Structures are given as C-alpha cells and as structure tokens.
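Structure, as structure tokens:
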Amino acid sequence: MTSPYDEHHTAESGPGHEWWRSAVIYQIYPRSFTDASGNGVGDLAGATARLPELRELGIDAIWLSPFMTSPQKDAGYDVADYCDVDPIFGTLADFDTLLAQAHAHGIRIIVDLVPNHSSDQHPWFQEALNSVPGSPARNRYIFRDGTGEQGEHPPNNWQSIFGGAAWTRVREADGSPGQWYLHLFDSSQPDFDWSNEEVKAEFRRILRFWLDRGVDGFRVDVAHGLVKDQDLPNYSPDEATASMGGEAEPAPYFEQPAVHDVYRDWRTVLEEYDGDRALCGEAWVSSVEKMALWVRPDEMHQTFNFEYLLAPWDAAELRSIITRSIAAFAEVGAPGTWVLSNHDVVRHATRLSLQEDNPQGSGIGPDFPGVPSREAALPRAQAATALMLALPGSAYLYQGEELGLDEVHDLPAQARQDPTWFRTQGQKYGRDGCRVPLPWEADQPAFGFSATGRSWLPQPERWREAARDLQRQDETSPLQLYRKLLRLRAQYSLGGGTLDWEPGYPDGVVAFRNGRVLVLANVSAAAVLLPSEARTLISSRPLSGDHVPADTTVWLELPGKS
Ligand code: NOJ
C-alpha cells in the first residue's frame with residue numbers, strides 16, 4: 001500500500017529510507033502566513049486553508065515556527081505554556097486539524113521547540129520571582145547575586161544577543177533590590193538552568209506531549225546555547241561576528257560539551273515513538289565540522305547548515321563549503337541540511353546582491369547602501385535556489401521565497417517590532433524585514449493575507465505583482481520555477497543522491513553531477529557554453545542560445561550516465 005507520502009514528494013520514505021535525509025521542508029512563520037481570524041496576525045486555521053497550495057508546490061514537510069501560548073515579546077519565541085496554543089493562533093483543536101490535514105496531503109510537520117528560555121510569564125518564572133534566593137523555584141533559572149557593594153552590578157559582563165545587558169535585577173518579596181537573572185535574549189526571556197533535573201524532566205514531558213499528538217519532529221531553538229559555563233566567566237564577543245553564535249572561539253554560553261547530553265537524552269525519547277520522528281538543531285557554530293557534532297548518530301537528525309547560508313555568491317567559496325559540508329556530515333552519517341533563508345536573516349533574494357556586510361540579526365533599513373530592487377536581485381536568488389535544490393540532502397525553504405520575495409528594508413520605523421530594534425535604540429534594524437505577511441491574491445485586501453485587510457507589519461505595494469495568484473498563471477514566475485525544481489528533484493532523486501564535481505568548466509562555474517543530472521551554476525559575470533551532449537531539464541532563467549548567462553543555474557540530463 002502506498003502512503004500519502006510516497007505520491008509526489010521529493011523525500012524518499014518507506015522501509016530503509018528516513019524521510020528527513022532528503023526532504024524539502026518549508027518553514028511556516030505562522031504570524032505572517034495567512035490570517036483566517038482577521039486580526040492581522042496569521043494563524044493555524046489560515047495555514048490549514050493553504051495546505052493545497054503547499055501540496056501543489058511539492059514540499060515534503062513543514063517546520064511550524066512557535067504557536068504556543070506566549071506574550072509575543074519575541075514573536076512567540078517567549079513561551080508561557082509549552083503545551084497549549086496561543087489564542088492569536090487558535091486552539092489545540094486547530095493544531096490537530098492542521099496536523100491531520102497536512103498528513104492527509106502527505107506533508108509532515110515538525111514544530112518549533114524553545115528550550116533555552118521561557119517567557120517571563122511562564123508559571124515557573126513567576127514562581128521563581130515569588131521565591132527566595134537559592135529556592136528550588138529559582139534554581140530552574142539562572143539567578144545570581146550581583147557584584148559591587150550592594151549587588152548593584154550584574155554578575156558578569158554578558159550582553160544580550162538583542163542588545164544591552166544579559167542580566168536583569170529583580171525586586172525581592174520585601175521590595176528590596178534583589179538577585180539578577182540571565183537572559184541571552186530579551187529580558188522577557190529568562191534562560192533555564194539545564195543542569196537542573198526538573199528542567200530536563202519537564203522538556204521530556206513536553207516532547208512527549210507533541211509526539212503523542214502525532215508531530216513528526218522538532219526544530220530546536222538555540223540548540224547550541226542551553227548549557228552555560230558554570231563559572232559564568234566574563235566574555236566580550238567579537239562585535240563583527242557576534243549574533244546568535246558562530247565565533248571561532250565559542251562564547252561561554254554556546255557550544256558547551258554537556259549540551260550534547262541533552263540531545264542524546266531526547267533522541268531516546270523520540271525513539272520511543274514509531275514513524276521516524278526527527279530533531280533539527282538551530283546551532284549557530286563557526287564551521288561545518290562543528291555543526292556535525294550535533295548530528296552524531298545518537299543525537300539530532302539534522303542541523304541547519306548556517307555556514308552555507310552565510311556563504312557569499314562566490315564560486316570558490318561555494319565549492320569549498322559544499323565539499324566540506326558533505327565530508328563533515330558523511331563522517332557522522334548525517335544528511336546535509338541546506339538553507340538560504342529563514343525568519344532571522346535578510347531574505348536571500350536581497351542578501352546575495354548586497355555589496356556591504358550585514359551581520360546576521362542586524363537587518364537592513366532604508367539607509368542601507370545599494371539595496372537592489374526585487375527585479376534586479378531575482379536572477380541571482382533563483383540561481384542560488386536551483387543550486388541548493390540540486391544538492392544531495394535535505395533543504396529548507398522559508399515561506400515566500402518561492403514567490404521571490406525580497407527583504408522589506410523600507411519598513412517605517414514605527415512599524416518595527418523586533419526586540420533588537422528596541423534594545424539597540426534603533427542601532428540595529430533587526431529581523432522584521434523578512435517577516436512581512438505574504439501576498440496571496442493581488443486584488444484582495446492585504447493581498448489575501450487577511451480578509452479584513454489588517455497586517456501586523458505593512459506589506460509593500462510592490463508585492464502586489466508578486467502575489468501567488470498572478471504567479472500561478474505565469475509560467476516564468478519564481479513560483480513556477482520552484483514547483484518545477486521540486487518536481488525534477490523528486491523525479492531524479494537528487495535529495496538522496498551523491499555529488500561529484502565536474503571538471504572542465506571555468507572557475508566561476510559551480511559544476512557537479514548528481515546521478516544523471518549535471519548542474520551548472522554560473523556564479524561569474526561571463527556567459528558559459530553549454531555542453532552539447534546534454535539535454536536541458538530546467539534553467540533558473542532563460543538561456544542565451546547555447547550559453548548559460550551570469551547568475552543562472554541550469555540542470556541538464558546527461559546521456560547514458562547514471
Ligand atoms: C532563534 C530564533 O530563530 C529567533 O527568532 C529567536 O529570536 C531566538 N532564537 C530566541 O528564541
């Protein structure tokens with residue numbers, strides 16, 4: 001009997017196949033996807049309504065960003081109840097419907113789990129605030145006495161990733177200034193103490209809660225950050241690279257060896273369940289060799305390849321990161337997990353054409369020099385996507401990239417909502433520009449995002465022409481390109497294939513074979529001659545005669561090779 005997963009998808013499933021090794025996983029950032037309730041924030045019912053369109057696109061699975069109960073201080077990455085749905089997104093029943101319908105369409109769902117920190121509104125944190133220093137309630141988080149005569153200075157110099165100090169001082173029950181608690185992100189996001197057995201047990205319970213409901217796995221937020229150096233040594237990050245992590249010499253709050261014990265433990269929880277459930281880590285580390293540590297056989301199944309995401313549009317750099325990634329992941333038996341965009345980075349349509357550096361998380365604003373138009377940036381973005389989707393392994397897509405959406409760098413200041421913007425007093429724009437609600441129908445209010453026309457971030461007028469309904473009718477649109485790429489990727493089993501570099505092309509061309517498919521990504525400025533013996537399967541933009549233009553990726557079928 002065939003399962004709904006076998007029908008048209010690119011991931012190979014069934015006996016002997018683990019779907020996550022080759023799956024194309026589409027990130028739904030629910031607040032910006034589709035708003036069924038009309039309040040201007042997307043929701044679960046909205047996501048359910050759009051499943052046929054995702055099936056048509058040809059994805060295998062969805063990563064659903066947080067929808068749990070939350071005061072939304074960091075767009076849901078501040079969770080107050082890990083086992084319920086926030087009313088702005090719907091109810092648990094809405095979640096169950098989404099999951100059941102996705103499964104009926106042959107689409108798996110992994111949910112976002114945020115274990116590094118909770119919301120300050122979580123009952124445990126409230127209990128900690130109402131308890132005395134040293135109490136079991138305080139010990140679930142990282143409370144410390146301050147330094148200085150009156151404890152008026154924070155315990156150390158750590159800075160929040162969103163800006164400002166990583167410590168906030170509380171008032172004790174008697175009204176006196178009290179201890180400080182650690183928050184690597186916003187002050188509304190206190191960090192758990194992962195040496196605490198109660199914390200470990202609680203997250204095992206949370207994993208089982210969602211696994212029992214039938215989820216196919218988890219994307220694990222800040223997977224490199226749960227365990228801190230117990231001595232809490234002072235640390236000043238390198239300003240140029242500091243963000244979510246990824247410095248050559250890791251911060252004392254990232255990449256601590258004991259963090260791996262957490263995932264070994266979780267792996268055993270997942271293995272209690274049938275159906276091939278997967279863990280995917282969000283670990284910002286400095287090299288693919290380090291990334292591979294997260295996907296050793298008894299740990300997670302996938303980890304985002306952020307070094308690939310951060311690579312510039314440069315043939316030598318791309319060849320190097322692809323080679324090193326495949327080697328490093330093969331060493332531990334894990335698949336590559338390629339990604340170009342998500343809700344924390346400048347959309348790759350824009351990013352790959354920027355001339356100036358823009359560290360992750362900083363974002364770009366109206367004053368950023370030389371931001372390309374959507375039209376100008378599209379060819380390179382589509383070439384990058386066509387390259388990524390030809391690589392063996394799993395690939396993540398971020399909602400809206402299939403429409404070729406660009407970064408909304410020109411959001412008005414008063415619309416911005418990212419805590420980064422507030423905590424840096426506007427020095428960093430943050431991530432709102434990649435989170436603007438999607439355009440679905442050109443002639444509907446809020447371009448079909450919400451029937452009431454409300455939208456929690458304003459959509460640019462230029463997105464009217466990017467609306468999905470127009471792109472469905474246009475054979476040359478980014479949407480049609482993504483659909484065709486995904487279909488061919490499935491047909492030629494590229495996700496489950498192997499990569500062999502193809503010699504004989506100029507340095508500016510990333511050229512490789514994956515099974516019967518020859519991939520040529522022209523990263524140079526000069527057009528490149530097509531090989532005469534191959535049949536063109538698809539090109540990310542029209543070829544010029546028998547040449548591959550600049551910023552173009554072509555997939556060719558080689559005769560007689562397998
Ligand atoms: C990583 C998430 O992707 C990001 O959006 C969030 O702000 C931080 N972790 C904190 O949870």
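Just so we're clear, the structure is a prediction, and the values are computed from it rather than from any experiment. Order of appearance sets the numbers: ligands from 1, and atoms from 1 within every ligand. What's counted below: heavy atoms across the whole structure, side chains too, no hydrogens, waters or symmetry copies.
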Between Glu202 and Arg140 (salt bridge meaning N to carboxylate O under 4.0 Å), is one present in this structure? no
Need the ligand 1 atom indices (1-based, order shown) with element for anything under 4.0 Å from a heavy-atom of His117. 10 (C), 11 (O)
Is Arg347 salt-bridged to Glu401, going by a charged N under 4.0 Å from an acidic O? no
Who gets closest to atom 4 (C) of ligand 1 by heavy atom: Val79, Asp418, Asp344? Asp344
Ring-ring centroid check Phe125 His183, cutoff 6.0 Å: no
I'd like to know if Asp96 pairs up with Arg213 as an ion pair, taking the criterion as any Lys NZ or Arg NE/NH1/NH2 lying under 4.0 Å from an Asp or Glu carboxylate oxygen. yes
How far is atom 7 (O) of ligand 1 from the closest protein heavy atom, and which atom is that? Asp74 OD2, 2.6 Å
Look at atom 8 (C) of ligand 1 and say which protein heavy atom is nearest, naming residue and atom and giving the distance to 0.1 Å. Phe185 CE2, 3.7 Å
Within the 4.0 Å heavy-atom shell around Val222, which atoms of ligand 1 are there? 9 (N)
Which of the ligand 1 atoms, numbered from 1, are nearer than 4.0 Å to a heavy atom of Glu282: 1 (C), 3 (O)
So that I can tick it off, tell me whether Arg435 and Asp344 are bridged by a salt bridge, with the cut-off set at under 4.0 angstrom between side-chain N and carboxylate O. yes
Does ligand 1 have a heavy atom under 4.0 Å from the side chain of Arg435, from its backbone, from both, or from neither? side chain
Taking only heavy atoms of Arg431, which atoms of ligand 1 are found under 4.0 Å from at least one of them? 4 (C), 5 (O), 6 (C), 7 (O)
Side chain, backbone, both or neither: Arg219 near ligand 1, heavy atoms under 4.0 Å: side chain
For atom 9 (N) of ligand 1, the closest protein heavy atom turns out to be Asp221 OD1, 2.9 Å
Any heavy atom of Phe162 under 4.0 Å from ligand 1? The part involved is side chain
Kindly give the heavy-atom pair with the smallest separation between Arg204 and Asp265, and that separation in Å. NH1-OD2, 2.5 Å
Taking Asn139's backbone N and O only, do any of them form a donor-acceptor pair with Asn196's side chain (distance below 3.5 Å, no angle check)? yes
For Asp357, does the CG atom sit with more than 12 other heavy atoms under 6.0 Å from it, leaving out its own atoms? no
